[in-house]
Asks: 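After the C-alpha cells below, expect a handful of questions from me.
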Amino acid sequence: GSCDARWARDTLRLGIIDVPRVPFLEAEAVASPFNVSSFDGIFGLGFPGIAFPRLAETPLEALSRRRGAEMAEKVFSFALGSGSAEMGELVIGGTPRERYPKGINWL
C-alpha cells in the first residue's frame, strides 16, 4: 500500500522517560491495505536498514541515542498475550529472561 505523509517531530514519552524532538511521518492519506486495517500506526521499531525514508531515525534509535547509557541492552522484546485475559508487553532496553525458561536462540 501507499501513504502520503509529512515530517513531524514530537516528544516520545515512555513512562517517566521523555525523548524530545523524535522525527516521524504523519500520515495524511493512505491506500489499501492501510485504510482498512484495524491498527492506527506503526511505532517505528524496525531495523534502520529497512526504515523508510532512508536515513530516517526510528523512535527506537532516538531513544537509544539519547538514553542508551541507561539501558542494560540496546534491544526490545515483545510478549504477546494469549487472548483477551492476558495482556501483552513491550520491553525496551532489555529482555525479561524469566519469560524464556529454555533460553533464547539468537539468530
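Just so you know, these numbers use all the heavy atoms, side chains as well, and skip hydrogens, waters and symmetry mates.
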Asks: Check whether Ile17 and Val91 end up in the same hydrophobic cluster, where Ile, Leu, Val, Met, Phe, Trp and Tyr are linked by side-chain heavy atoms less than 4.5 Å apart.
Replies: no

Asks: Step by step, would you call Tyr100 with Thr95 a side-chain contact (heavy atoms from CB on, under 4.5 Å)?
Replies: CA-CA 9 Å; Tyr100 308 96; Thr95 306; 3.8 Å; yes

Asks: Do the charged groups of Glu73 and Arg97 touch, with an N to O distance under 4.0 Å?
Replies: yes

Asks: Of Thr11, Leu14, Asp10, Leu63, which meets side chain to side chain contact (heavy atoms under 4.5 Å, CB included) against Val19?
Replies: Leu63

Asks: Do Val75 and Leu12 belong to the same hydrophobic cluster, where Ile, Leu, Val, Met, Phe, Trp and Tyr are linked whenever their side-chain heavy atoms lie under 4.5 Å apart, directly or via other members?
Replies: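 In one cluster with Val75: Leu12, no.
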
Asks: So which heavy atom on Pro96 is nearest to which on Ser77, and how close?
Replies: CD-OG, 3.4 Å

Asks: Please give me the minimum heavy-atom distance between Pro23 and Arg9, naming the atom from each residue.
Replies: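 Looks like CD-NH1, 3.7 Å.
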
Asks: Test your reading of the model: is there a side-chain donor-acceptor pair from Arg66 to the backbone of Glu61, 3.5 Å cut-off?
Replies: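 Judged by distance alone, no pair lies under 3.5 Å.
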
Asks: For Glu28 and Arg6, work out which heavy atoms get closest and say how close.
Replies: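 So the two residues come closest at OE2-CD, 2.9 Å.
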
Asks: Are there over 12 heavy-atom neighbours, none belonging to Arg65, within less than 6.0 Å of that residue's CZ?
Replies: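 Result for CZ/Arg65: enclosed.
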
